[in-house]
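If you're wondering where the values come from, they're calculated on a predicted model, not measured in any experiment. Counting starts at 1 for both ligands and their atoms, following the listed order.
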Amino acid sequence: MNKPMSYDDAIEAVLARMEGPVPYDEFIARVLELRPSQAKNPTQTIKSKVRFGWHDRMLVVDNEVIPTHMVLAGVRFALRVSPKEAEAGALLCSMQFREYMKGVVSPEDVRFEDAEGKPLSVELLAWTHSEKTIFGVDTFTETALGLSDWFRANRIQPDDFVLVTVIDWNRGHYRLDHETARRRRKRRSEIMDRNQALADAIFQLLEASHEGRLFGYEVFLPAVALLPDPQGYPGDPWNVVVQADPRMVTDGIWINYSAAPSSLQRVLIQRGDIVTRKRTPKRVSRHEAQRVYRFRVSLEHNKSFWREIEIPGGYTLSQFDDTLRDVFLYEADDHLSSFTQRVSRGRGKLPLMVELAVINPFDEGEAEDTQVAALELVPGDRLVYVYDFGDWIEHRIELKQIAEPEAEVEYPRLVAQNRPRYKYCKACAAEGRKVVATYGCETCSEGRHPVYICDDHAMELHEDHWTYDILY
Ligand SMILES: [Zn+2]
Ligand SMILES: [Zn+2]
């Protein structure tokens, strides 16, 4: 009896036979035909198989499955020739190259042909190099594809390029064209256009992502599929393109937003315009520094506690922090705090959280110099303020309005607060009086019912106790 086919083999077999996009349901039916399932919900079984581990084999776009060999067929990429490659007449099987290689294709399977379609002989080379690390000297081995005849015939120099065209992704067949450094320089405007198209495609995927960040190797294929002309003249690798784009940053693995887009940038992005600068702190004019920002600040875990305050736009985040510590009765010179901007990315997506400043009351940091007006906030914008990273007291801040200062008013000021629900002194109550409590006593409550006390009784009866201010 034949061993039953695995799901992975069935998916692979269906993908290999596909010659055009196929509706997702049809794709699943084909897989189940090869690999019948006893599962309760076989469609779900296949879908969850596909969700993990197949991102480099196929794309699902608009409920259609497109196998990778179709996305990459005829797509070209440019490899810059290093001095070592030029000298040895070989191409390194680099990370960039491997993105265009099917995972199961090993370097010995790779076949090249020249511009006329003539097969080239390839010799597998193992290149070792040593690197000094903190643990000593580590030796690495990399695979290179020796093409010494072709390199010699084309007189390939360091910094020249090899343009590689994907002929058959499933089998690892590629065509090679030699592009001198000079010729490639002349095509600079084509490269720039291509880079811009790739950056726009990746940014579109970033905007559409739930998390607000992308895994580079997973985004490579869908980004190629979004290009207006995937087979056009190749630009730079995606990580170079992303790093040069003002909207994004990458460490080569993850792709993130470069920073909170300012309000102006957000409008430009929504309109589809290209934002051409990284965020630099805006300079605040005298007038902007005088304008008054009204913020509503509420405790995240208990929104019935809130304060509305007004501060001048010229206030630094450090001064904003002072004001908050003051109105919420926090310690002025103890505990760290932080401001984070919460940038909404649309329904059903996680907001982008951008740290603005961490304030250390023991030490002045440069982030604290940022002025409120420089953040370019508009009413409705939200910040998160955390006081004390140990207790993590989180506050939601919303900008209510920006207005001209009123005459004879001193800022900052507290303009509104929640209606208080007073607690009364226990000791006074025992004496038949009703006095609003100002402290809670941790020592007397012994972790059970809170004990509330007034100013006088705090001095008299709880002087050596551990007490805290009550916020109303
Ligand atoms: Zn009392
Ligand atoms: Zn006490």
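- The N, O or S atom of His462 with the smallest distance to the Zn ion (ligand 2) is ND1.
- Between Glu12 and Lys102, at least one side-chain nitrogen of the basic residue sits less than 4.0 Å from a carboxylate oxygen of the acidic one, meeting the salt-bridge criterion.
- Atom ND1 is the N, O or S atom of His465 at the shortest distance from the Zn ion (ligand 2).
- For the side-chain contact (heavy atoms from CB on, under 4.5 Å) with Tyr385, the lone residue among Leu317, Ile393, Ile359, Asp321 that qualifies is Asp321.
- Side-chain contact check for Glu308 and Trp306: no donor-acceptor pair (N or O, by modelled atom type) lies under 3.5 Å.
- Within His457, the N/O/S atom positioned nearest the Zn ion (ligand 1) carries the name ND1.
- Between Tyr387 and the choices Phe339, Phe328, Tyr330, the ring-ring contact (aromatic ring centres under 6.0 Å, His included) rule is met once, by Tyr330.
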